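Each remark here refers to the structure printed beneath this line.
In what follows, chains carry the letters A, B, and so on, assigned in the order in which the sequence lines appear, proteins first and then strands, with residues in each chain numbered from 1. Nothing here was measured: the structure is a model prediction, and the numbers come from that model.
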Amino acid sequence: MVKVTLMDGSVREYAAGTTLFEAAKALSQKLGREVCVALVDGEICDLRMPLEKDCAVEFVTFDQPVGKKAFWHTCSHVLAQAVKRLYPQAKLTIGPAIESGFYYDIDVETPFMQEDLDKIETEMQRIVKDNEPIERFTLPRAEALALAKKMEEPYKVILIEELPEGEEISFYKQGEFTDLCAGPHLMSTGALKAIKLIQITGAYWKGDAANKMLQRVYGIAFPKTEQLDDYIKLIEEAKRRDHRKLGRELDLYDIYDEGPGFPFFFPKGMVLRTELETFWRAEHKKAGYDEIRTPLILNEELWHRSGHWDKYKENMYFTKIDDENYALKPMNCPGGILAYKRHIVSYRDLPQRVAEMGVVHRHELSGALHGLMRVRCFTQDDAHIYMVPEQIPAEILGVIDLIDKIYQVFGFKYRVELSTRPANFIGEIETWNLAERKLEDALISRKIAYTINPGDGAFYGPKIDFHLVDSIGRTWQCGTLQLDFQMPERFDMVYIGADGEKHRPVMIHRTVFGSMERFIGILTEHFAGAFPTWLSPVQVMVIPITDKQHDYALSLTKELSDAGFRAECDARSEKMGLKIREAQLQKIPYMLVIGDKEIESGCVSVRSRSEGDLGAMPVADFSAKLKKEIASKYFELK
RNA sequence: GCUGUUGUAGCUCAGUAGGCAGAGCACAUCCUUGGUAAGGAUGAGGUCGUGCGUUCGAAUCGCAUCAACAGCUCCA
């Protein structure tokens, strides 16, 4: 007998060899939901695994991330099976479950069209209907290779060859279809009730642009059709939040054919930018930063010295002035370093925290451009911190804390990645290891959950990246913190120590917003255009009911503007209903309706975006309310 | 940059057996002065992304090019 401890702490006994599925079945009434896979002593297992020794078991349903993965991974196999039935010549590569849904990369002669997708989907539904049981079996490496060769799946052969020697290799089989796979999977294909193939795109084999481009079919699936309908609704809702759409509708910003990747900001968009900058300056002043500004164009020779010529030339724009070669800066650091070197610096002056709203130009690949999120000219809220080595830990923590504090003002959740030494690094490996350790120590001491992104550091140093999430779940790197021992070396930066000798400082490159453009894009989607009052381009719309109240409304608007609020008056000869509708669509926080009643009483009828109709109140009370609201979101941090 | 899709009025989109370019919103003028999400009438606005080609004739077919969208790659 085997003793099994369940999640609720209860212990049950089963005959050795009983499968997890049989155990789950016995418990199914208690669980009340269909089980996808199980966690046995923390390891994800198929339900077909037999119980062999005492263990702790947690049955996982589709509602849990692990359950979703197993469910969707089974979908990948069904997709592959359907493709092989319809296109026997197709060669399979890999097909994992992803954040939401699944895909399979397939090598086919002619790219799939929408009609192919429909056909594949129909075939998948047939496989689901047949409710094929899924079997797992393992083979020694040599036999696994022979099987893959027999199946004429060259990519699978490569995948098996890359697996470590000596281990048994697992396969999963459903009906006539067998695939190399580590699992876990569902017991059978029947549970995949609602499947939808979303789209078809190209993707490189092994993610390398030098390799062959494969066809990637994306799909999503749920145990119930209602869940699929909800998912589709969610995606449509998210598209309504797209910052490119809202940027036009709210008259904030746009990008035209005449300047791909070079955004225009209109007056209302500039209000956002300016407010963000004002906030940013206030926070940086408190955190002990000074601010500088360095040139957009600098001599090409500087970029040779910095290493950008060697490592970053492809992304740079060049120009010629009086027969001399110049470059538009893709980064702010070399300019900042020149500013550092204008004095002999004493250790007493360190750390120096020097911020710069730096406008940079980068020649991004045309296919990478994406609204404000990925552009070719952007303003980094950059800063460089120069310090003596002993100051590294405290300065890293200072930056992490500042970023956290600022993100919290907007209510952002974020993900943290530690990006390590890339292939094209400069400097010594030991220095890199030291820098990576310093960054990791800081994350650990702040108990911040992070993932490691190997090889993704800047060419001059490892970095901590802060990722924010857009409306459809894509994440964008915004804040970054890079620890750099290389640039100080290259630029022969020094400070004079207590011993009177020259020493090498260390530097941190960092941003909080990342870029004003990307941050504004994220912000637009995060708030769906309904920015908090302190950021709203128009905070108050004054709406006179008829032309008779225009003069009064205009003077009230001026009064509010003079008090420092962004107030506008809709003095068109339109019906009030229309003015309210439009103010609502523009997501303006407050509407003040002015009719004869209001003029007589000296009150305003207030309609709030978030609180609805607030009724009549004296103008002074409204001003006080607005002032308090703006202050609570922003100035409380001072 | 790669794969696929798309490009018609400021915006959202109709418009093929190739035969005189359409709608709604927005805009202008006039009427309407209305109490919490669209009052009415009239009008103006486009060489159909660009170029070349096929054709008696091209928004429509072909080629090239530019841009956008989705994904890959890359990145703040």
Side-chain angles (χ1 to χ4, degrees), chain A residues 103 105 110-114 116-117 198-218 239 242 244-245 248-249 251 254-261 312 314-315 330-332 358 360 362-382 419 456 458 463 465-468 472 474 476-480 482 509-519 521-522 543-550 572-585 591-598 605-607 612-613 615-616:
Chain A
Y103 69 79
D105 282 350
T110 47
F112 288 134
M113 296 291 164
Q114 183 59 45
D116 298 300
L117 226 56
I198 306 276
Q199 64 166 339
I200 164 82
T201 62
Y204 300 107
W205 165 239
K206 299 226 162 212
D208 187 338
N211 287 341
K212 182 165 185 183
M213 181 159 279
L214 311 166
Q215 293 294 305
R216 176 172 296 179
V217 180
Y218 283 93
K239 279 189 184 147
D242 190 309
R244 293 165 296 191
K245 185 174 153 64
R248 257 198 301 278
E249 287 173 359
D251 203 24
D254 206 353
I255 298 177
Y256 302 123
D257 278 9
E258 289 82 349
Y312 208 73
E314 303 308 312
N315 284 301
M331 297 185 194
N332 302 301
V360 296
R362 296 184 185 175
H363 181 239
E364 300 293 344
L365 295 177
S366 59
L369 302 179
H370 183 93
L372 287 192
M373 307 290 205
R374 191 75 180 275
V375 291
R376 285 176 172 158
C377 170
F378 56 101
T379 303
Q380 290 184 303
D381 65 313
D382 213 343
S419 296
D456 213 38
K463 54 183 186 164
D465 291 324
F466 297 78
H467 294 254
L468 297 175
I472 56 172
R474 290 178 292 214
W476 296 90
Q477 184 185 321
C478 288
T480 184
Q482 309 171 348
H509 311 239
R510 47 111 282 181
T511 63
V512 180
F513 295 144
S515 84
M516 298 307 290
E517 287 74 10
R518 180 175 288 182
F519 196 79
I522 295 263
I543 299 177
I545 294 174
T546 73
D547 291 354
K548 274 186 290 179
Q549 295 93 22
H550 279 183
R572 294 175 301 169
S573 298
E574 293 290 351
K575 293 186 79 163
M576 181 187 53
L578 181 84
K579 296 182 188 181
I580 286 176
R581 175 185 150 82
E582 291 190 352
Q584 199 89 337
L585 291 174
M591 286 175 240
L592 302 184
V593 176
I594 306 297
D596 287 337
K597 270 191 285 182
E598 284 75 14
S605 289
V606 181
R607 183 169 160 150
D613 211 332

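Nearest-nucleotide assignment on RNA chain B puts the 5′-proximal partner with A:K548, out of A:D208 and A:K548. Taking for each of A:H467 and A:M113 the nucleotide of RNA chain B with the nearest heavy atom, the 5'-most of the two is the partner of A:M113.
For A:D251 and B:A26, the CG to P distance is 15 Å, given to the nearest whole Å. The nearest whole Å value for the distance from the CD atom in A:E574 to the C1' atom in B:C25 is 13 Å. Atom CD in A:Q215 sits roughly 11 Å away from atom P in B:U3 (whole-Å rounding). Distance A:L365 CG to B:G1 P: 7 Å, rounded to the nearest Å. A:L578 has its CG atom 12 Å from the C1' atom of B:C25, to the nearest Å. With rounding to whole Å, A:M373 atom CE is found 10 Å from B:A70 atom P. Counting to the nearest Å, the C1' atom of B:C69 and the NZ atom of A:K239 are 10 Å from each other. At whole-Å resolution of the value, CD in A:Q482 and C1' in B:C75 are 11 Å apart.
Residue A:E598 is in base contact, counting any heavy-atom pair closer than 4.0 Å across all strands shown. Using a 4.0 Å heavy-atom distance criterion, A:K579 is classed as making no nucleic acid contact. Within the 4.0 angstrom heavy-atom criterion, no nucleotide atom of any strand lies near A:D254. Within the nucleic acid shown, A:Q199 comes within 4.0 Å of sugar-phosphate atoms alone, with no base atom in reach, counting heavy atoms only. Nucleic acid contact for A:I543: none, since no nucleic acid atom lies under 4.0 Å from a heavy atom of the residue. Within the 4.0 angstrom heavy-atom criterion, base atoms lie near A:D547. As judged by a 4.0 angstrom heavy-atom cut-off over every strand, A:R244 is placed among residues touching the sugar-phosphate backbone only. As judged by a 4.0 angstrom heavy-atom cut-off over every strand, A:R216 is placed among residues touching the sugar-phosphate backbone only. Among the heavy atoms of the strands lying under 4.0 Å from A:G207 are primed sugar atoms or P, OP1, OP2 only; no base atom is included. Note on A:S573: a base of the nucleic acid sits closer than 4.0 angstrom, heavy atoms only. Using a 4.0 Å heavy-atom cutoff across all strands shown, A:D456 reaches sugar-phosphate atoms only and no base atom. Contact annotation for A:V360: no contact, since no heavy-atom pair falls under 4.0 Å across all strands. Among the atoms of the strands shown, only primed sugar atoms or phosphate atoms (P, OP1, OP2) are found under 4.0 Å from some heavy atom of A:G514. Across all strands, A:G577 comes closer than 4.0 Å only to sugar-phosphate atoms, never to a base (heavy-atom distances).
Counting atom types as modelled, A:R518 pairs a side-chain N or O with a base atom of B:C75 as donor and acceptor under 3.5 Å. A:E314 contributes no side-chain N or O that forms a donor-acceptor pair with the base of B:G1 under 3.5 Å. Taking 3.5 Å as the limit, the base of B:G71 and the side chain of A:Y204 contain no donor-acceptor pair of atoms between them.
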Legend entry - Intermediate values then yes/no, side chain to side chain donor-acceptor pair (under 3.5 Å), A:E364 and A:N315: CA-CA 6 Å; A:E364 300 293 344; A:N315 284 301; 5.9 Å; no

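At B:U33, none of the side-chain N or O atoms of A:H550 fall inside 4.0 Å of OP1 or OP2 (strictly under the cut-off). Listed pair A:S366 / B:G1 meets the phosphate criterion, a side-chain N or O lying under 4.0 Å from OP1 or OP2. Phosphate contact (OP1/OP2 of B:A76, side-chain N/O of A:K463, threshold under 4.0 Å): present. The side chain of A:Q477 contributes an N or O atom lying less than 4.0 Å from OP1 or OP2 of B:A76. Proximity of A:R248 to the phosphate of B:U12: a side-chain N or O atom is located under 4.0 Å from OP1 or OP2.
Under the Watson-Crick and G-U wobble criteria, each requiring two contacts below 3.5 Å, nucleotide B:A68 is paired to B:U5. Using the Watson-Crick or G-U wobble rule with both distances under 3.5 Å, B:C30 pairs with B:G40. B:C13 is paired with B:G22 under the criterion used here, namely a Watson-Crick or G-U wobble arrangement in which both key atom distances are under 3.5 Å.
Using a 5.5 Å limit on the distance between ring centres and a 30° limit on the angle between planes, the aromatic ring of A:Y218 does not count as stacked on the six-membered base ring of B:G71.
Atom C1' of B:G71 sits at a distance of 33 Å from the matching atom of B:C25, rounded to the whole Å. Going from the P atom of B:C69 to that of B:U60 covers 24 Å, rounded to whole Å.
Using a 4.5 Å cut-off on side-chain heavy atoms (C-beta onward), A:E582 and A:R572 make contact.
For A:T546, whose side chain is taken as the heavy atoms from C-beta onward, the closest listed nucleotide among B:G34, B:A38, B:C2 is B:G34.
Residues A:K206 and A:D208 are not paired through a salt bridge, judged by the lack of any N-O separation under 4.0 Å between the basic side chain and the carboxylate.
Interatomic distance, NZ of A:K579 versus CD of A:Q584, reported as 15.5 Å (0.5 Å rounding).
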